[in-house]
Amino acid sequence: MRIKISVLILVFIFFSFEVFAQKNKKAQAANPEVDIYMAADFDSEIIETIRPGTLYTISSKPKGAFYQIKLKSGQIGYVPDTELEIEGEGVFQPKDFDSDLDTKLKKNKKNVKIQDEEESEEEDPDSEKLSYHGMTLQLINYHEETLGGTQVGDLYAIGYRNYPQLNDYASSFAWGLSAAFRAPAYYQQLTERPASGFAFWSDFQVINVTALGSNSTVHYGAGPFLKLTQFTVSSPTRGYTLQDITVGLFFELGLIFHFDQLSYDLNLRYYWDKKSYGAIGFGVLF
């Protein structure tokens, strides 16, 4: 903490030196009592009162109707320009009203133009669009009608997910691929022999996004999917291959947490297939 305070003090001293070291002026109070303000505003707090006879360092240019002044205590304040007698220049003379008004109008127009450009950039829909893609891992509670009944087993599927142009409170399109490179455990349990194979999903969905906070969004959507499975099983007498291709619908609800470089997606899925089943997923997006 002491190191931080020391650094802040050094930065403040350096800033103060830079402000007053170059092209500064000397001035004294032009009236018996001149108030020094904390800010360049007549409504701000008065921090000191100075009198004629003592020279102070002031800024080379005024800030509106004030000059910045360095007091003997080292504190920085603001003094009205009409209250100063500047060394080598005399008592400050206000600018011609019309000339000063014209300068202020030009400055205001410039500020309005800059503000309009900044608001235009903020309202640009392209600046709000976010695209995410990355790797996913799903634990699928797979259901299948096979071997004389409905069988249930878990499959771990890895895949790729793409969320293009996600807009807050808007719809977009997402797609993904995932695959499990093993057969469900129930094949080996029922046949008492090793089984192998794979299951492949390809999906497309309409996705909706809503911001929950500055670094989190919820997404939900639905769409069609294509599933291809091929499992090789064997019995005491022979081996055979089971293949299946189906088209179904799935529903998804998820939460994305956004960080500087990566985002993390937690989601739940429900697959409406010949036998419906659910899944929980985790994704690392960038």
Side-chain angles (χ1 to χ4, degrees), residues 131-166 170-210 217-235 237-257 263-285:
S131 297
Y132 296 98
H133 60 98
M135 303 303 296
T136 62
L137 175 65
Q138 287 190 85
L139 172 59
I140 303 174
N141 186 231
Y142 190 65
H143 289 53
E144 183 182 16
E145 187 72 28
T146 187
L147 300 179
T150 299
Q151 312 301 334
V152 179
D154 291 333
L155 289 175
Y156 290 95
I158 59 173
Y160 172 83
R161 173 108 353 235
N162 185 281
Y163 298 115
Q165 297 183 349
L166 296 189
S171 298
S172 186
F173 300 99
W175 59 272
L177 305 170
S178 57
F181 298 98
R182 61 180 291 271
Y186 50 75
Y187 280 113
Q188 184 170 344
Q189 293 170 356
L190 294 174
T191 63
E192 297 183 349
R193 292 180 178 274
S196 61
F198 66 88
F200 175 82
W201 290 264
S202 174
D203 61 73
F204 177 85
Q205 68 167 305
V206 177
I207 186 172
N208 296 275
V209 178
T210 300
T217 55
V218 62
H219 64 91
Y220 51 94
F225 71 88
L226 173 69
K227 184 196 68 180
L228 169 65
T229 60
Q230 179 174 302
F231 302 125
T232 300
V233 298
S234 60
S235 67
T237 58
R238 66 185 184 91
Y240 49 95
T241 299
L242 303 175
Q243 293 182 331
D244 189 27
I245 298 178
T246 61
V247 175
L249 293 175
F250 78 99
F251 305 90
E252 182 179 59
L253 173 65
L255 186 62
I256 300 178
F257 298 94
S263 295
Y264 300 98
D265 181 20
L266 297 175
N267 60 76
L268 297 173
R269 284 193 168 201
Y270 179 77
Y271 291 91
W272 188 21
D273 203 346
K274 289 181 178 179
K275 288 293 181 179
S276 299
Y277 46 91
I280 182 172
F282 173 75
V284 178
L285 309 175

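All heavy atoms count here, side chains included; hydrogens, waters and symmetry mates do not. For the single chain, residues carry numbers from 1 onward in sequence order.
The structure places OG1 of Thr246 at 10.0 Å from CD of Glu144, a figure rounded to the nearest 0.5 Å. The CG atom of Asn208 lies 11.5 Å from the CG atom of Leu253; values are rounded to the nearest 0.5 Å. Within the model, atoms CD1 of Ile207 and CZ of Arg161 stand 8.0 Å from one another, a figure rounded to the nearest 0.5 Å.
By the 30° and 60° cut-offs, the orientation of the rings of His143 relative to Tyr277 is parallel. Below 30°, between 30° and 60°, or above 60°: for His133 and Tyr160 the angle between ring planes is between 30° and 60°, a tilted geometry.
Atom CG of Leu137 is surrounded by more than 12 heavy atoms from other residues, nucleotides or ligands within 6.0 Å.
When all heavy atoms of Ala279 and Gln138 are compared, the pair lying nearest together is CB-OE1, 3.7 Å. Closest of all the heavy-atom pairs between Trp201 and Ala157 is CZ3-CB, 4.3 Å.
In this structure, the side chains of Leu155 and Pro184 come closer than 4.5 Å at one or more pairs of heavy atoms. Side chains of Thr217 and Tyr132 form no contact here, defined as non-hydrogen atoms less than 4.5 Å apart. In this structure, the side chains of Gln230 and Thr241 come closer than 4.5 Å at one or more pairs of heavy atoms.
A donor-acceptor contact closer than 3.5 angstrom links the side chains of Asp265 and Tyr163. For the residue pair Tyr271 / Arg269, a side-chain donor-acceptor distance below 3.5 Å is found, with atom types taken as modelled.
Ring pair Tyr264/Phe257: centre-to-centre distance not below 6.0 Å.
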